[in-house]
Amino acid sequence: MEARKKGLSAGIKMILLYLFVVTMIVVFSENSKVFYAYIAAPFVFFQFYTFAYSFNKGYLKFLSSSKVMDLYNNPTDNYTRSEMSKEMGSIILPVICYIPTLLFYFLFAWIFYLIKNKQNRKINYLKSKENIFEQEIDSLYENKKYDEVILKAFDLSSNGKQISLKNKQHVALSYYYKKDYKQSLSLFEEIALKKNDVESLFNVLMSLMPLNKTQQGKEVFNKLIKFHKEMGGAGKGQNFVPQLCIPFIRYYYANALLDAKLFEDALEQLEELKKIYIELKITDDTFLYIRGIPFMSDTLDLAKKIFEGLNMNFSNSDFLNELKIKVDDDGKDIIKKFE
């Protein structure tokens, strides 16, 4: 009897310890499946413990013997039916004793489940609210309401709310389109540190140049071209962005150099673009665009401005004459407009 009590006490201690560990897992787990898994676990544990305990005492063997059943049906002086019932009760007793513990466990776990569920609902509510704010910024940006985008983002930041990188980029672009290049640069640099991709570096470059940070711009441009070649930064398939291809990057950089009156540097980029048109020969706009190459008419328009900045005759330049020889008839027709 004393051994049974010790076994029962040890079992209860094990269950309480198990209960505590499981509760901690349930409370701190984000996965609700963990809760159900640990709810089911005690059934296996209790069944194993009860039968192991009973087997150890020999009760299962005792009940299964035909002699015992005969004694139960035909009690004798040496072994009465009441004694027999006591021994049978020894098997049922551990199970009955654990029923309150089981009920307590389920109640305890259910309370913590409700608490956790309430916390999850609150988190989901806050996330959905943040998504609404994010969608508002998206909508404002798409409608080119740049002042409102900036104001909305400022309100969110003032209230301690985080802004996604996507919307932070919308804010940076809003500053850029408002020609507040200092603010846009600060945000673009922050985004570039986190994303480290072609688009982010390109945006940094485009904000540096209007601030006359041409040396930094040149460094970023060289890094951008190298990174592009290594990573294939224009994307593939549906994610392909023509404006992030190297020819387009050269075109936009040449425009920025023109604005900075760095005509010689701008001409270097034009020479690189000229090589592409000569190599392809085909100058159809759609053909060029889907390969991430600027329209030849746009490139020639830019070239004319650069030549004017250099006080050079564009209409009879080697630049135009070489193109005229190498490109297709459509290209020749475009060139005639600039002669």
Side-chain angles (χ1 to χ4, degrees), residues 30-31 119-211 213-253 255-256 289 292:
E30 292 294 334
N31 188 352
Q119 291 174 343
N120 287 337
R121 286 201 304 270
K122 185 177 180 181
I123 291 170
N124 291 334
Y125 169 75
L126 292 174
K127 284 182 178 179
S128 65
K129 199 171 181 181
E130 286 178 6
N131 287 336
I132 292 172
F133 292 137
E134 296 280 321
Q135 290 169 8
E136 285 181 11
I137 292 177
D138 281 341
S139 178
L140 291 170
Y141 178 76
E142 288 172 4
N143 291 307
K144 299 183 179 181
K145 296 180 179 179
Y146 303 128
D147 287 320
E148 293 181 44
V149 169
I150 294 168
L151 183 61
K152 191 68 178 178
F154 179 78
D155 289 342
L156 289 175
S157 300
S158 299
N159 293 324
K161 293 182 173 62
Q162 294 293 324
I163 302 174
S164 67
L165 281 179
K166 177 186 174 183
N167 277 333
K168 191 169 285 188
Q169 182 163 303
H170 286 166
V171 176
L173 287 169
S174 296
Y175 278 119
Y176 180 83
Y177 293 134
K178 284 173 57 62
K179 298 186 178 181
D180 189 346
Y181 302 117
K182 188 175 181 180
Q183 290 291 345
S184 67
L185 176 61
S186 176
L187 287 171
F188 282 138
E189 286 179 331
E190 182 184 340
I191 294 168
L193 285 173
K194 293 179 180 178
K195 292 182 68 177
N196 193 32
D197 61 357
V198 167
E199 183 181 10
S200 301
L201 288 173
F202 176 73
N203 288 332
V204 170
L205 172 63
M206 289 297 100
S207 289
L208 281 169
M209 296 304 293
L211 294 172
K213 297 184 178 183
T214 53
Q215 184 56 41
Q216 285 179 257
K218 186 176 182 179
E219 291 171 5
V220 172
F221 172 76
N222 291 332
K223 180 181 178 181
L224 181 54
I225 297 300
K226 181 181 178 182
F227 188 80
H228 197 295
K229 290 177 179 178
E230 292 174 354
M231 305 300 293
K236 295 179 181 179
Q238 292 181 345
N239 296 322
F240 177 74
V241 182
Q243 289 85 353
L244 292 180
C245 289
I246 290 178
F248 261 108
I249 293 172
R250 290 190 184 281
Y251 173 78
Y252 290 124
Y253 183 47
N255 267 288
Y289 184 77

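We count residues from 1, following the sequence as given. These numbers come from a predicted model, not from an experiment. In what follows, every heavy atom counts, from backbone to side chain, and hydrogens, waters and symmetry copies are set aside.
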Hey, could you give me the [atom1]/[atom2] distance between [X] and [Y], rounded to the nearest 0.5 Å?
X	Y	atom1	atom2	result
Lys166	Asp138	NZ	CG	4.0 Å
Glu219	Leu208	CD	CG	9.5 Å
Ile191	Glu199	CD1	CD	9.0 Å
Tyr253	Asn222	OH	CG	7.0 Å

Ser174 (side chain) donor-acceptor with His170 (main chain) under 3.5 angstrom: yes
Tyr289/Phe248 under side-chain contact (heavy atoms from CB on, under 4.5 Å): CA gap, chis, key distance, verdict: CA-CA 9 Å; Tyr289 184 77; Phe248 261 108; 4.0 Å; yes
For a quick test of reading the model, state the closest non-hydrogen atom pair linking [X] to [Y] and the distance between them.
X	Y	value
Cys245	Gly292	CB-O, 3.4 Å
Ser184	Ala172	CB-O, 3.3 Å
Met209	Thr214	CE-CG2, 4.0 Å
Asn196	Phe227	O-CZ, 3.0 Å
Leu201	Val220	O-CG1, 3.6 Å
Val198	Ile249	CG1-CD1, 4.2 Å

Decide yes or no for [X] and [Y]: does some side-chain heavy atom of the first lie under 4.5 Å from some side-chain heavy atom of the second?
X	Y	answer
Phe188	Tyr181	no
Lys213	Leu185	yes
Gln169	Asn203	yes

Ion pair check, Lys178 and Asp180, cut-off under 4.0 Å: no
Enclosure of Lys195 NZ (heavy-atom neighbours >12, cutoff 6.0 Å): yes
Residue that, paired with Tyr146, satisfies ring pair (Phe, Tyr, Trp, His ring centres under 6.0 Å) out of Tyr175, Tyr177, Tyr176: Tyr177
side-chain contact (heavy atoms from CB on, under 4.5 Å) between Val171 and Leu187, worked out: CA-CA 8 Å; Val171 176; Leu187 287 171; 3.8 Å; yes
Salt bridge (charged side-chain N to carboxylate O under 4.0 Å, His left out) between Glu190 and Lys194, intermediate numbers included: CA-CA 7 Å; Glu190 182 184 340; Lys194 293 179 180 178; 3.8 Å; yes
